[in-house]
Amino acid sequence: MKQIAGVLLEVVQGDITKMEVDAIVNAANTSLLGGGGVDGAIHRTGGPEILEACKRIGGCPVGEAVITTAGKLKAKFVIHTVGPIWRGGENNEEALLRSCYRNSLQLAVEHRLHHVAFPNISTGVYCYPKELAAKAAIDEVVKFLQTNPKRSLERIVFVCYEPENTRLYQDILDKLENR
Ligand code: AR6
């Protein structure tokens with residue numbers, strides 16, 4: 001656990017659908033109509049209310065984020081963001097992945113949320129290399145917290161489904177200085 005600009009950053013291994021937080025972030029696709037991986041798990045567990053809300057929104061570009069009800073999930077909201085598909089690393093992937101984290105946090109702040117959980121966006125079906133994704137994710141979250149001093153956030157959890165990601169996130173967080 002680390003504290004950055006008064007916000008706790010934490011790594012948890014497990015299933016994001018079980019998190020009791022204000023919002024869980026979904027690694028969605030541009031249609032917002034569901035899919036496999038964490039997206040499938042969120043829609044399965046949260047029920048049809050989430051899909052109905054996504055249909056009303058109608059889609060989301062890569063790197064952006066939208067917010068809906070969390071249906072039957074323990075969380076209050078789902079923030080759906082669309083990560084980039086990894087295509088070798090020279091197609092703006094890092095900037096787009098960073099903007100997923102930044103725009104999700106921006107939405108959380110606009111809704112005055114305190115506690116947000118992120119999955120490892122793009123590192124499954126979208127094949128983003130895990131270590132590069134972890135570094136970009138943590139760095140962008142830290143930057144956001146340092147440049148947005150007035151905000152509701154108190155705690156941010158990186159929920160890792162795979163042990164390899166848990167280890168990567170833990171290593172990077174351990175090396176961060178409390179700021
Ligand atoms: N809780 C937390 N993390 C999970 C869970 C879960 N229940 N299930 C999987 N993960 P992915 P992407 C991890 O493929 O790469 C979907 O079809 C998983 O181990 O879910 O951004 C969408 O509709 C991995 O580390 O998302 C899109 O079409 C991470 O979540 C596409 O996949 C992300 O893997 C998005 O691909």
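First listed ligand is number 1; within each ligand, the first listed atom is number 1. Values below: all heavy atoms of this structure, side chains included; hydrogens, waters and symmetry mates excluded.
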- Task: May I ask you to check if ligand 1 and Y161 share an N or O to N or O distance below 3.5 Å?
- Result: no
- Message: If I compare all heavy atoms of V25 with all of I42, which pair ends up nearest, and what's the gap?
- Response: O-CD1, 4.0 Å
- In terms of atom number and element, which parts of ligand 1 are under 4.0 angstrom from non-hydrogen atoms of E162? 18 (C), 19 (O), 24 (C), 25 (O)
- Task: May I ask you to identify the nearest protein heavy atom to atom 27 (C) of ligand 1, giving residue, atom name and distance to one decimal place in Å?
- Result: Y126 OH, 3.6 Å
- Considering distance alone, does some N or O of I121 sit under 3.5 Å from an N or O of ligand 1? no
- Message: Quiz question: by atom type and distance under 3.5 Å, do the side chains of D22 and H114 form a donor-acceptor pair?
- Response: no
- Task: Please write down residue, atom name and distance for the protein heavy atom closest to atom 33 (C) of ligand 1.
- Result: N120 O, 3.3 Å
- Item | CD/E131: more than 12 non-hydrogen atoms of other groups inside 6.0 Å | no
- Query: Same cluster or not: are Y169 and L145 linked, directly or through other Ile, Leu, Val, Met, Phe, Trp or Tyr residues, by side-chain heavy atoms under 4.5 angstrom apart?
  - Reply: yes
- Note: I85 and E93 closest approach over all heavy atoms is O-CG, 3.7 Å
- Query: What do you reckon, does G124 have a nitrogen or oxygen under 3.5 Å from a nitrogen or oxygen of ligand 1?
  - Reply: yes
- Message: Can you confirm if the aromatic rings of Y101 and F144 lie within a centre distance of less than 6.0 Å?
- Response: no
- Query: Which ligand 1 atoms, with their elements, are less than 4.0 angstrom from a heavy-atom of N165?
  - Reply: 25 (O)
- Message: Test: ring pair (Phe, Tyr, Trp, His ring centres under 6.0 Å). Region: residues 28-79. Which pairs qualify, not counting sequence neighbours?
- Response: F77-H111
- Message: Please list the nearest protein heavy atom to atom 21 (O) of ligand 1 with its residue and the distance rounded to 0.1 Å.
- Response: S122 N, 2.8 Å
- Task: State yes or no: do I67 and L105 share one hydrophobic cluster built from I, L, V, M, F, W and Y residues joined by side-chain heavy-atom distances below 4.5 Å, directly or via other members?
- Result: yes
- Task: Kindly confirm or rule out an N or O of T17 lying under 3.5 angstrom from an N or O of ligand 1.
- Result: no
- Query: Can I138 be reached from L96 by stepping across I, L, V, M, F, W or Y side chains whose heavy atoms are under 4.5 Å apart?
  - Reply: no
- Item | Close N or O approach (A41, ligand 1; < 3.5 Å) | no
- Looking at R98 and K143, what are the two nearest heavy atoms and their distance? NH1-NZ, 3.8 Å
- For atom 2 (C) of ligand 1, the protein heavy atom that lies nearest, with its residue and separation: I16 N, 3.6 Å
- If you measure every N/O of G36 against every N/O of ligand 1, is any gap under 3.5 Å? yes
- Note on the structure: Here the atoms of ligand 1 under 4.0 Å from any heavy atom belonging to A27 are 21 (O), 22 (C), 26 (O), 35 (C)
- Could you tell me whether V125 and ligand 1 have an N or O pair separated by under 3.5 Å? yes
- If you group Ile, Leu, Val, Met, Phe, Trp and Tyr by side-chain heavy-atom gaps below 4.5 Å, do I57 and L51 land in one group? no
- Quick one: which ligand 1 atoms are inside 4.0 Å of a heavy atom on D15? 1 (N), 6 (C), 7 (N)
- Note on the structure: CG of L8 to CE of M1, rounded to nearest 0.5 Å, is 5.5 Å
- Task: Would you mind running through ligand 1 and noting each atom that sits below 4.0 Å from a heavy atom of G35?
- Result: 17 (O), 23 (O)
- Relative to atom 8 (N) of ligand 1, which among V38, I85, L97 owns the nearest non-hydrogen atom? V38
- If we number the atoms of ligand 1 from 1 as shown, the ones under 4.0 Å from a heavy atom of G14 are 1 (N), 2 (C)
- A student checking ligand 1 against D39 at a 4.0 Å heavy-atom cut-off should list atoms 22 (C), 23 (O)
- Item | Where ligand 1 meets T123 - atom numbers and elements under 4.0 angstrom, heavy-atom basis | 15 (O), 24 (C), 25 (O), 29 (C)
- Hydrophobic cluster membership, V125 vs V82, 4.5 Å side-chain cutoff: no
- For G83, is the nearest heavy atom under 4.0 Å from an atom of ligand 1? no
- Query: Closer than 4.0 angstrom: is that true for some heavy atom of S31 and an atom of ligand 1?
  - Reply: no
